[in-house]
Amino acid sequence: MLPRELFRKEPERIREMLRARHTEADLDRLLEVDAAWREVLVRVEELKARRNAGSKEIGKLFAAGQREEAEARKAEMGALGEEIKALEARARELEAELAALELTIPNLFHESVPLGASEEDNRVERSWGEPPDFGFEPRAHWDLGPALGILDFERAAKVAGARFAVLRGAGAALERALITWMLDLHVREHGYTEVLVPYLVNSASLEGTGQLPKFADDLFKVEGHDLYLVPTAEVPVTNLHREEVLAGEELPLRYCAFTPCFRAEAGSYGKDVRGLIRQHQFHKVELVQIAHPEASWELLEELTGHAEAVLQGLGLPYRVVSLCSGDLGFSAARTYDLEVWLPGQQRYREISSCSNFADFQARRARIRFKSADGGKARLVHTLNGSGLAIGRTLVAVLENYQQRDGSVVVPEVLRPHMGGLEVIEP
RNA sequence: GGAGGGGUGGCCGAGUGGUCGAAGGCGGCGGUCUUGAAAACCGCUGAGGCGCAAGCCUCCAUGGGUUCGAAUCCCAUCCCCUCCGCCA
């Protein structure tokens, strides 16, 4: 959500942003409704001021025993009340429409964001590691996994449907090792506080971080309840501090959380239908920071580094990409994607997305801070990034550590978490 | 699921129809005192919106209603606590 002043004072800036994002929003209607709402509001408040003064007088007249005079005023105020009620209803209507429109406007983006229409225009910032040279034709994980007996898509389809997977034996252990190792790394090396949060969240939380109202189709909703399966830990973790005023000194708050993530993936039919890349349910270790506005851009670099440290620790080649204006998420002001090399597909694939939302989420979720030296409460900046998506990391490990005979070497850092296992064999 | 109790400012807590945006306390800020600090004492200290401005309007869980006037009365919903039931 953007500040209303901005719509009023600099609508052209917003129009320009919408163009650069290659997205549509009814800004004209928003401006029209805003003007109408303010007009009605001024009239309502005038009438209310009169009624308040009148009512106060009635109290005094009764106290003074002037009953007749008081009754006359009562009749007068009664008529006023009817008028107020009608105008107020109109004002409420307009404000509701304004609020709804406001939620459909995406965030302004940082000046460093490259302009462009699609992921073709994203900018590669740097890369790390070399794609391995196998000396044989590397296989994709959807061949490797089932052959090793650690991945079963068919039985997953039977118990749930498409876009689900069953991990088995060393596969399940590998997933679990990745989760534990990543959490430990962020907690012990990077100074994050681990939190374990609800996997079902209410609609207020989803509005706070920007998934609702625009992206309801991407979510799984629990029938008969105001509850949704979390699409990412970003939602419960950022909303931990919704409607709070934090102490400036304790910023930044750094949280990491492991959660399953559930996504309906509506509109991605036919995309990544094979393998673990795009699932209705996957695991993710998420990093969330709640920051002082002056520190957030630097913290985005830092947080991205924390996610990179995971890939480096696992020895997985990757590159860092700046999302262009057209590819940027609705709430993000700037995003770095980490893309890991997948030998089975001979391409880089997104494995982490690290964003600064500036005050966009904070305004929706009313997360503010106050400095010890007084002053007004100000909006915080929020950031988050995957550190990392576990399923895709498992894919990357299988494909990058495969051997000619179809076995997979376990990355060294994970071995202590897998009972010392060094190689996954059929 | 059943019965009962409750949701008030950064926090705790009083307030059952008008003078209440709300006592008191804690915390915070400023001051007096002090070499400095603590203690003590004094003062200040909620948020949002509209308006060029003076100023006005909202906000006591949320949404409706009654009334000239609602934190206070009525209805609905949500959340928390206690007990009972069920249950990993």
Side-chain angles (χ1 to χ4, degrees), chain A residues 1-9 30-102 196-208 212 221-222 224-228 236 239-251 253 290 292 359 362-380:
Chain A
M1 193 158 71
L2 298 170
R4 282 186 185 167
E5 283 157 68
L6 197 70
F7 292 114
R8 290 167 195 160
K9 287 184 184 153
L30 187 148
L31 295 173
E32 193 181 303
V33 172
D34 179 52
W37 169 67
R38 283 189 289 166
E39 203 184 302
V40 175
L41 190 67
V42 168
R43 287 176 56 206
V44 170
E45 292 189 351
E46 251 171 42
L47 295 180
K48 281 187 172 177
R50 272 168 57 197
R51 184 180 63 182
N52 286 347
S55 294
K56 214 168 252 183
E57 230 175 283
I58 291 168
K60 279 186 193 148
L61 289 171
F62 272 120
Q66 296 173 258
R67 296 197 69 86
E68 224 164 275
E69 186 67 13
E71 291 298 340
R73 301 290 283 158
K74 254 167 99 162
E76 222 174 284
M77 291 302 121
L80 240 189
E82 292 308 308
E83 205 176 331
I84 288 172
K85 203 175 272 184
L87 269 178
E88 222 175 11
R90 177 75 187 131
R92 251 203 308 274
E93 241 173 67
L94 287 166
E95 202 184 5
E97 188 180 349
L98 177 61
L101 283 164
E102 232 174 359
L196 205 145
V197 293
Y199 303 153
L200 292 169
V201 292
N202 56 31
S203 52
S205 294
L206 287 157
E207 258 182 39
L212 285 180
K221 186 174 192 314
V222 181
H225 298 267
D226 178 34
L227 287 171
Y228 298 78
N239 278 283
L240 245 28
H241 296 290
R242 175 153 47 85
E243 280 152 58
E244 286 187 20
V245 179
L246 303 162
E249 300 74 54
E250 58 183 348
L251 301 178
L253 298 176
I290 299 199
H292 194 284
D359 60 9
R363 184 170 296 106
R364 288 179 162 227
R366 288 188 302 284
I367 308 173
R368 294 168 299 168
F369 74 97
K370 217 173 192 171
S371 306
D373 54 5
K376 297 193 80 171
R378 299 170 58 197
L379 294 168
V380 299

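Note on naming: letters A, B, ... go to the chains in the order of the sequence lines (proteins, then strands), and numbering restarts at 1 for each one.
Using a 4.5 Å cut-off on side-chain heavy atoms (C-beta onward), A:R4 and A:L98 make contact. A 4.5 Å side-chain heavy-atom check between A:Y228 and A:L200 finds every atom pair outside the cut-off.
Side-chain proximity of A:R368 to B:C68, B:G51, B:G48: nearest is B:G48. Between B:A47, B:U66, B:G69, one nucleotide has an atom nearer to the side chain of A:K85 than all others, and that is B:U66. When distances are taken from the side chain of A:W37 to each of B:G69, B:G49, B:G51, the shortest belongs to B:G49.
Applying the Watson-Crick and G-U wobble criteria (two distances, each under 3.5 Å), B:U58 pairs with B:A47. Checking B:A53 for Watson-Crick or G-U wobble geometry (two distances, each under 3.5 Å) identifies no partner in any strand. Under the Watson-Crick and G-U wobble criteria, each requiring two contacts below 3.5 Å, nucleotide B:G10 is paired to B:C26. Checking B:A40 for Watson-Crick or G-U wobble geometry (two distances, each under 3.5 Å) identifies B:U32 as its partner. Nucleotide B:G1 forms a Watson-Crick or G-U wobble pair with B:C84, both donor-acceptor distances falling under 3.5 Å.
Among the heavy atoms of the strands lying under 4.0 Å from A:R8 are primed sugar atoms or P, OP1, OP2 only; no base atom is included. A:R51 comes within contact range of the sugar-phosphate backbone alone, with a heavy-atom separation under 4.0 Å but no base atom that close. Residue A:R50 is classed as having no contact, given no heavy-atom separation below 4.0 Å to the nucleic acid. Among the atoms of the strands shown, only primed sugar atoms or phosphate atoms (P, OP1, OP2) are found under 4.0 Å from some heavy atom of A:N52. The residue A:I58 sits close to a base: some heavy atom pair falls under 4.0 Å. A:G78 comes within contact range of the sugar-phosphate backbone alone, with a heavy-atom separation under 4.0 Å but no base atom that close. Nucleic acid contact class of A:R92 (heavy atoms, under 4.0 Å, all strands): sugar-phosphate only. Using a 4.0 Å heavy-atom distance criterion, A:R38 is classed as a sugar-phosphate-only contact.
The distance between atom CZ of A:R366 and atom P of B:G10, rounded to the nearest whole Å, is 13 Å. Put simply, CD on A:E71 is 13 Å from C1' on B:G69, counting in whole angstrom units. Across the protein-nucleic acid pair, A:L80 atom CG and B:U67 atom C1' stand 15 Å apart, rounded to whole Å. Separating the CZ atom of A:R364 from the P atom of B:G48 is a distance of 19 Å, rounded to the nearest angstrom. Nucleotide B:U62 holds its C1' atom 13 Å from the CZ atom of A:R242, rounded to whole Å. In this structure, the CD atom of A:E95 is 12 Å from the C1' atom of B:C57, given to the nearest Å. Distance, A:E93 CD to B:G64 C1': 16 Å, rounded to whole Å. Between A:K48 atom NZ and B:C56 atom C1' there is a gap of 11 Å when expressed in whole angstrom units.
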Begin with the C-alpha distance, continue with both residues' side-chain angles, and end with the deciding distance and a verdict on side-chain hydrogen bond (donor to acceptor under 3.5 Å, both in side chains) for A:S205 and A:N202. CA-CA 6 Å; A:S205 294; A:N202 56 31; 3.0 Å; yes
Before you tell me yes or no, could you show the steps for A:R92 and A:E95 under salt bridge (charged side-chain N to carboxylate O under 4.0 Å, His left out), namely the whole-Å CA-CA distance, both residues' side-chain angles and the distance that decides it to 0.1 Å? CA-CA 5 Å; A:R92 251 203 308 274; A:E95 202 184 5; over 6 Å; no
Verdict with reasoning, A:E45 to A:K48, per salt bridge (charged side-chain N to carboxylate O under 4.0 Å, His left out): CA-CA 5 Å; A:E45 292 189 351; A:K48 281 187 172 177; over 6 Å; no
Apply salt bridge (charged side-chain N to carboxylate O under 4.0 Å, His left out) to A:R366 and A:E244, showing your working. CA-CA 7 Å; A:R366 288 188 302 284; A:E244 286 187 20; over 6 Å; no
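Between A:K56 and B:C20 there is no side-chain N or O to OP1 or OP2 distance below 4.0 Å. At the phosphate of B:C56, neither OP1 nor OP2 sits under 4.0 Å from any side-chain N or O atom of A:R43.
For B:U34 and B:G27, the C1' atoms lie 24 Å apart once the distance is rounded to whole Å. Nucleotides B:C56 and B:U62 have their P atoms positioned 25 Å apart, rounded to a whole Å. Taking the C1' atom of each, B:C29 and B:C79 are spaced 34 Å apart, rounded to whole Å. Taking atom C1' in both B:A14 and B:C60, the straight-line distance is 12 Å, to the nearest Å. Nucleotides B:G48 and B:G25 have their C1' atoms positioned 27 Å apart, rounded to a whole Å. B:G17 and B:G65 are spaced 23 Å apart, taking the P atom of each and rounding to whole Å. A distance of about 39 Å separates the P atoms of B:C20 and B:A3, rounded to the whole Å. Of the P atoms belonging to B:C73 and B:G24, the separation is 23 Å, rounded to the nearest Å.
Judged by a 6.0 Å distance limit and a 45° cone about the ring axis, A:R8 is not positioned over the six-membered ring of A:W37.
Comparing A:R4 and A:A49 by the nucleotide of RNA chain B whose heavy atom lies nearest to each, the residue mapping closer to the 5' end is A:R4.
Formation of a donor-acceptor pair under 3.5 Å by the A:R368 side chain with backbone atoms of A:L379 is not found in this model.
Judged by atom type and distance alone, A:E45 reaches the base of B:G49 through a side-chain donor-acceptor pair under 3.5 Å.
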